[in-house]
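First up is the structure itself, then whatever we jot down about it.
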Amino acid sequence: MEEKRNESLNFIEEIIEEDLKTGKWSKIYTRFPPEPNGYLHIGHAKSICLNFGIKEKYKGKCNLRFDDTNPSKEDVEYVNSIMEDVRWLGFEWDRLCYASDYFDQLYEWAVMLIKEGKAYVDKQSPEEISRQRTTPTELGIESPYRYTSPEENLKLFEEMRMGLHPEGSMVLRAKIDMNSPNMHMRDPIMYRIIKKPHDRTGDKWCIYPMYDYAHGQSDYIEGITHSICTLEFEVHRPLYDWFLDQIDKTGKRPRQIEFARLNVSYTVMSKRKLLELVTNKIVSGWDDPRMPTISGLRRRGYTPESIRNFAERIGVAKRDNLIDVGLLEYFIREDLNKKANRVMAVLNPLKVVITNYPEGQTEYLEAINNPEDPSAGTRKVSFSREIYIEKDDFMENPPKKYFRLQPGGEVRLRWAYFIKCEEVIKDEKGEIVELRCTYDPLSKGGQSPDGRKVKGTIHWVNANDCIESELRLYDRLFTKENLDDLAEDENYTDYLNPESLVIVNAKLEKTLVSAKPGNTFQFERKGYFCVDKDSTTEKLVFNRTVTLKDSWAKIISNETE
RNA sequence: UGUCCGAUGGUGUAAUGGUAGCACUGCAGAUUUUGGUUCUGCCUGUCUAGGUUCGAAUCCUAGUCGGACAACCA
């Protein structure tokens with residue numbers, strides 16, 4: 001397809017096009033650099049779409065790089081889930097990299113800095129080092145070890161590497177500027193001792209580089225041209241550049257560019273909070289369909305296309321943002337509307353007996369699978385004298401403009417017949433338990449035999465062969481729109497939505513017996529549902545991905561307000 | 001009373017000194033065998049005050065508001 005012209009660029013694309021134009025770079029190279037200490041979420045999806053999107057747009061390259069510099073926090077479980085999620089979103093990396101692949105090189109460069117007098121070993125406690133850094137408004141205090149000779153530092157650093165010193169007893173620091181207004185420049189720590197085996201390097205190292213030292217150098221080693229990260233790293237940029245200054249004299253080196261992270265209303269995005277939800281069993285796991293994780297969204301029934309469209313639409317800028325979760329819902333509806341076959345499911349059943357329909361008779365009626373996609377074809381749904389309809393679809397004393405079933409009223413059964421309510425049967429408590437209706441044999445298929453108008457069309461299932469299933473109705477996890485906007489004495493968990501998961505039993509049309517985990521359907525008039533992996537041969541379990549828009553519900557709720 | 005970053009409808013995001021546009025939301029209507037989809041129309045915006053300019057969302061100055069930074073996390 002021809003690429004659209006006059007398409008506006010985001011500020012990062014502008015930088016890239018400028019670099020291409022001036023010849024600074026002829027080929028663009030980006031990277032997505034997660035730390036394997038948690039599952040990816042929709043915010044990461046934004047970053048993935050950005051980095052891999054640039055690769056595709058400018059015919060460049062993009063690496064997946066695990067920022068695995070802290071073995072005390074990281075785990076292979078996360079490595080695998082991250083690779084799965086990136087691929088599921090539809091992207092393939094040019095190289096699979098690990099920061100740990102560069103530990104030897106990083107060590108050599110550190111030795112070089114020590115020899116040049118630009119790094120030193122500090123034997124003070126973490127508390128002391130922190131205290132000497134003071135606050136941004138005051139000058140810092142130099143460490144008594146700041147002017148140790150390179151020879152002594154070399155010896156000490158080698159001892160650190162060999163494991164001769166306990167964790168926390170010393171660190172390697174870059175000698176930069178203790179008076180910098182930027183705290184990150186006040187002799188930042190380059191290496192610390194962690195006596196833990198690493199998933200990839202095993203017992204080879206007991207010193208590990210810090211993010212600031214490892215990240216830019218890793219970018220440099222891989223030939224990254226544009227190192228895109230989130231805004232909180234903006235203050236790190238001088239440090240990023242300082243480390244690169246030490247090893248690169250050519251100027252051909254990566255440029256760090258920061259953009260605003262994604263925030264979505266009614267959910268949390270920090271890995272720490274997400275981990276809390278999992279470990280405190282507030283959700284069933286990282287892939288709980290209420291989680292904003294990629295795996296959660298996938299299980300919920302979101303498609304990669306819908307997430308990519310969402311990422312495209314929200315744009316990339318530097319101002320803080322809070323995206324309405326409704327926008328995400330818009331994109332999944334848009335995608336599923338085209339793709340999902342329609343079926344009928346009754347969530348809250350009310351029995352209907354069609355008194356003039358022959359007892360014992362079953363017939364099969366043709367139903368269109370997807371009006372938006374003729375190639376989806378048709379199916380046959382069974383019909384008989386006894387059916388179930390939705391309780392909501394009958395009202396004894398309806399308000400104005402209610403055009404579903406009512407006493408003496410006529411309604412169309414989707415793909416079947418017009419029926420008219422003749423009698424309402426109640427139990428001793430006055431609850432409606434059954435409806436007696438008559439049908440018009442001439443209205444088969446739902447066609448009007450004489451041109452008469454029937455405004456309402458409702459869904460139904462055949463009472464004789466419908467199948468039972470469990471439906472998990474999900475709603476937003478939190479009741480507060482902006483969970484970063486909390487009073488001092490509040491916690492985000494104060495706003496957990498007690499109704500974020502409601503489980504109901506539903507009756508489904510028989511054609512669904514062959515549905516498999518991952519399959520998505522539109523339950524007509526109810527929403528999009530996908531088969532969950534918890535399904536068994538006895539019982540199907542569905543997750544509600546999202547409801548359909550419901551303008552009737554809106555009218556009702558507006559009137560009752 | 002630090003440094004850095006940011007500020008355009010309800011929410012996002014364009015306009016790169018020259019008509020403030022697009023999407024979502026909301027509202028109204030049309031179509032409809034899903035109160036779905038689709039289609040049409042409408043509402044709502046440049047943080048404030050100065051300055052530069054024929055002309056400012058855009059450039060300058062000051063202010064206001066918001067965010068990030070003081071982990072041996074990334």
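Order of the sequence lines fixes the chain letters, A, B, ..., with proteins taken first and strands second; residue numbering starts at 1 for each chain. Note: hydrogens, waters and symmetry copies are ignored here, and every other heavy atom, side chains too, is used.
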Candidate nucleotides [options], ranked by approach to the side chain of [X] - the nearest:
X	options	answer
Ile129(A)	G2(B), C72(B), A23(B)	C72(B)
Asp67(A)	C73(B), A74(B), U32(B)	A74(B)
Arg133(A)	C24(B), C69(B), C72(B)	C72(B)
Glu232(A)	C73(B), A68(B), U34(B)	A68(B)
Lys549(A)	G36(B), C73(B), C27(B)	G36(B)

>> Using ring centroids (six-membered ring only for Trp), state whether Tyr191(A) and Tyr208(A) fall under 6.0 Å.
In response: no
> Quick check, are the ring centers of Phe523(A) and Phe529(A) under 6.0 angstrom apart?
Replying inline: yes
Separation of atom [atom1] in [X] from atom [atom2] in [N], rounded to whole Å:
X	N	atom1	atom2	value
Phe259(A)	C5(B)	CZ	C1'	15 Å
Leu327(A)	C22(B)	CG	P	17 Å
Met269(A)	A74(B)	CE	C1'	17 Å
His184(A)	A74(B)	NE2	C1'	12 Å
Tyr330(A)	G12(B)	OH	C1'	14 Å
Met170(A)	C72(B)	CE	P	16 Å
Arg333(A)	A23(B)	CZ	P	18 Å
Leu231(A)	A68(B)	CG	C1'	7 Å

Across the strands shown, which category fits [X] at heavy-atom distances under 4.0 angstrom: base, sugar-phosphate, nothing?
X	result
Ser130(A)	sugar-phosphate
Arg404(A)	base
Glu372(A)	base
Gln447(A)	base
Glu167(A)	nothing
Ser125(A)	base

Phosphate contact ([N] OP1 or OP2) by [X] side-chain N/O below 4.0 Å:
X	N	value
Arg261(A)	G67(B)	no
Arg272(A)	A71(B)	no
Asn337(A)	U37(B)	no
Tyr211(A)	C73(B)	no
Asn263(A)	U11(B)	no
Ser551(A)	G36(B)	yes
Thr69(A)	A74(B)	yes
Ser180(A)	U3(B)	no
Lys338(A)	U37(B)	no

> Would Lys339(A) and Glu372(A) count as a salt bridge (Lys or Arg N to Asp or Glu O under 4.0 Å) if you check the C-alpha gap in whole Å, the side-chain angles of each, and the deciding distance to 0.1 Å?
Replying inline: CA-CA 8 Å; Lys339(A) 294 175 179 170; Glu372(A) 305 298 318; over 6 Å; no
Using the six-membered ring of [Y], assess whether NZ or CZ of [X] lies under 6.0 Å from its centre and within 45 degrees of the ring axis.
X	Y	value
Lys273(A)	Tyr492(A)	yes
Arg161(A)	Tyr107(A)	yes
Arg200(A)	Tyr98(A)	yes

Looking only at atom [atom1], what distance separates [N] and [M], rounded to whole Å?
N	M	atom1	result
G50(B)	C43(B)	P	30 Å
G29(B)	C22(B)	P	23 Å
G67(B)	G55(B)	P	37 Å

> Just the dot-bracket of RNA chain B, please: which string comes out with Watson-Crick or G-U pairs under 3.5 Å, [ ] for crossing, | for another strand?
Replying inline: .((((((..((((....[..)))).(((((.......)))))....(((((..]....))))))))))).....
Work out which heavy atom in [X] is nearest to a heavy atom in [Y]; give both atom names and the distance.
X	Y	result
Met190(A)	Arg173(A)	SD-C, 4.2 Å
Lys46(A)	Ala311(A)	CA-CB, 4.4 Å
Asn153(A)	Val121(A)	OD1-N, 3.0 Å

> What residue among Trp415(A), Tyr364(A), Tyr417(A) forms ring pair (Phe, Tyr, Trp, His ring centres under 6.0 Å) with Phe383(A)?
Replying inline: Tyr417(A)
> Which of residues 309-324 of chain A have a heavy atom under 4.0 Å from RNA chain B?
Replying inline: Arg313(A), Ile314(A), Val316(A), Ala317(A), Lys318(A), Arg319(A), Asp320(A), Asn321(A), Leu322(A), Ile323(A), Asp324(A)
> How many angstroms lie between OH in Tyr145(A) and OH in Tyr120(A), if you round to the nearest 0.5 Å?
Replying inline: 11.5 Å
> Does the distance from a Lys or Arg side-chain N to an Asp or Glu carboxylate O, for Glu363(A) and Lys444(A), drop under 4.0 Å?
Replying inline: yes
